[in-house]
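As structure tokens, the structure follows; a few thoughts come after it.
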Amino acid sequence: MAHQDEHRHADGHGHGHHHGPAAPASARLRRVIAAVLVPFAVAVVAGLVVLWPGGVPPHSAGSAGVGFDQRTVRGTVVATAAAPCQGDAGKAVCARVSVRLTSGSQSGRTVQQTVTPDMAGRWAVGDKVILTDSPDAPAGLRYAITDADRAVPMALLAGLFAVAVVAVGRMRGLTALVALVVSFAILSLFILPAVLHGRSPLLVAVVGGGAIMLVALYLCHGLSARTSVAVIGTLSSLALIGVLGEVFIGLTKLTGNTSDETALVHSLYPGIRLDGLLLAGVIIGSLGVLDDVTVTQTSAVWELRAANPELGVRRLYRAGIRIGRDHIASTVNTLVMAYAGAALPLLLLFSISQRGVGTVATSEIVAEEIVRTLVGSIGLVASVPVTTALAALVAARDRVPAPAGAAGAPVVHGHARHRVRR
């Protein structure tokens, strides 16, 4: 009877007694969150509409094509044989490679290519290759082997990745894959063509990155106050990264023209601001890691609150920031190592140079990576206290019921707390 009386007394406060997921944040907090995110989402959609490029524009080289812009066909190596190198006195040995075309207007035809000594041992009978196709060139020079055809093994690897993600993550893994597809669609259909059309790379990166962030986070983690806090934390950190990137790219006089790829793009599209392209790369490159940090911090705070509903804002923040410090240490190191791994050949060249460390570090090609790494890392570090504080404020106002079946666990109903007695 005492047990029933306590339930009737609790119900008198106007709250049903049920166990389940944490209730949403208060109506006032939801309005505050919406006041921040709705205008941002509207601005992102408006930016997509206004800046939508409508495809890749033609470049200054016309339809001739250079580098990656050349038309390509596929083929299969059917024979190889040693052959003298053209124009060589006779010491070097090249290879004559016969390739049967498997795509293009001349599919089924067999063409022959003489490849240089450094490439002679690469091709064997049965290998799939990619050839450039120059229809206006002389017949003997129309086709040239440029690379291996990796379509099948790459598709196999992507399939294994998808199976692993869905097998472990189940529905959450499936939504993550969908979000990944949407992110690549935004990157390839909006961000890259818009930059080539001459739009501001910074504005394009902010709009495109905002769209990727909203789709990825809400699709993967659901429409909730918890996800909204992660979105706000990510947004504030991206704003900081954008400001710092703009300032230090200007102070360090970085041009962004430090590779053959950027030089080629600039020659084809002279109107592109390469320093703006560098800043856009910093913002987009930081987005994925920021999502990880903000979602993890938000989830940690909510789980702490669920484990102990008595925790207030200050205690939630202190507990969450202790977790965040460990996350900062590992994530920053991961980010630095990722950039170092990508630039490993460059680091090897500088390790054998006769220049001092200071001279090497301040050269543009290295300074660009340092600025990219440090600006992104500052944004990551800042995201932890900001997101943790926001999560603590919101989670402390959630009504978190006791775990189902917990004997003696406190059941929270508004301001009334009762202990269930068995």
Side-chain angles (χ1 to χ4, degrees), residues 21 24 33-34 36-49 51-53 154-195 204-239 241-242 280-303 327 331 334-335 338 376 379-380 383-384 386-387 390-391 394:
I33 292 172
V36 175
L37 291 182
V38 170
F40 174 71
V42 171
V44 167
V45 173
L48 289 172
V49 173
L51 299 174
W52 192 262
M154 293 292 285
L156 176 61
L157 180 58
L160 290 174
F161 167 73
V163 169
V165 170
V166 174
V168 177
R170 298 188 180 181
M171 184 55 66
R172 189 64 60 85
L174 181 60
T175 57
L177 290 178
V178 174
L180 183 62
V181 172
V182 173
S183 298
F184 271 105
I186 294 173
L187 181 65
S188 59
L189 298 178
F190 172 72
I191 295 178
L192 299 180
V195 170
V204 170
V206 170
V207 173
I212 290 173
M213 176 183 67
L214 291 172
V215 170
L217 289 180
Y218 282 118
L219 187 59
C220 291
H221 305 286
L223 189 64
S224 65
R226 180 189 303 199
T227 307
S228 298
V229 168
V231 170
I232 295 174
T234 304
L235 178 60
S236 59
S237 300
L238 278 179
I241 289 172
V282 172
I283 294 174
I284 295 174
S286 302
L287 181 60
V289 187
L290 275 176
D291 286 352
D292 172 57
V293 172
T294 55
V295 168
T296 300
Q297 283 304 113
T298 304
S299 296
V301 171
W302 249 267
E303 291 301 322
H327 203 185
T331 304
T334 300
L335 187 64
L380 282 177
S383 71
V384 171
V386 171
T387 305
L390 289 171
V394 177

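Computed from a predicted structure; not experimentally measured. Below, each value reflects all heavy atoms present in this structure, side chains not excepted, and no hydrogens, waters or symmetry copies.
- Summarising the geometry, atom CG belonging to L187 is positioned 6.0 Å from atom CD1 belonging to I284; distances are rounded to the nearest 0.5 Å.
- When all heavy atoms of S188 and L192 are compared, the pair lying nearest together is CA-CD1, 4.3 Å.
- Counting only N and O atoms by type, the side chains of T234 and T294 include a donor and acceptor under 3.5 Å apart.
- Here the closest heavy-atom approach between residue C220 and residue A179 is recorded as SG-CB, 3.8 Å.
- Between I186 and A211, the shortest heavy-atom contact is CD1-CB, 3.8 Å.
- The backbone N or O of H221 lies less than 3.5 Å from no partner atom in the side chain of R172, so there is not a single donor-acceptor pair.
- We find the OG-CD1 distance between S183 and I191 to be 9.0 Å, quoted to the nearest 0.5 Å.
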- Query: For V293 and T387, what are the C-alpha separation, side-chain angles and deciding distance, and is it a side chain to side chain contact (heavy atoms under 4.5 Å, CB included)?
  - Reply: CA-CA 9 Å; V293 172; T387 305; over 6 Å; no
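- L214 is listed as a side-chain neighbour of F40, based on a closest heavy-atom distance under 4.5 Å.
- Going from atom OH of Y218 over to atom CE of M213 covers 8.5 Å, rounded to the nearest 0.5 Å.
- Across every non-hydrogen atom of V207 and L48, the tightest pair is CG1-N, 3.6 Å.
- The two residues L51 and A194 have their closest heavy-atom pair at O-CB, 4.1 Å.
- A distance-only check finds no donor-acceptor pair linking the side chain of S299 to the backbone of T296 [under 3.5 Å].
- Rounding to the nearest 0.5 Å places CG of L238 at 5.5 Å from CG of L287.
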- Evaluate side chain to side chain contact (heavy atoms under 4.5 Å, CB included) for L290 paired with I241, printing each intermediate quantity in order. CA-CA 11 Å; L290 275 176; I241 289 172; 3.8 Å; yes
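- Taken to the nearest 0.5 Å, the CG atom of L180 stands 11.0 Å off from the CG atom of L219.
- Contact record, A225 with V394: CB-CG1, 4.1 Å, taken as the closest heavy-atom pair.
- For T227 (side chain) and G222 (main-chain N/O), a donor-acceptor pair under 3.5 Å exists by modelled atom type.
- Of the inter-residue distances, the one linking F184 atom CZ with I212 atom CD1 reads 9.0 Å to the nearest 0.5 angstrom.
- You'll find the side chain of W52 stays beyond 4.5 Å of the side chain of P193, heavy atoms only.
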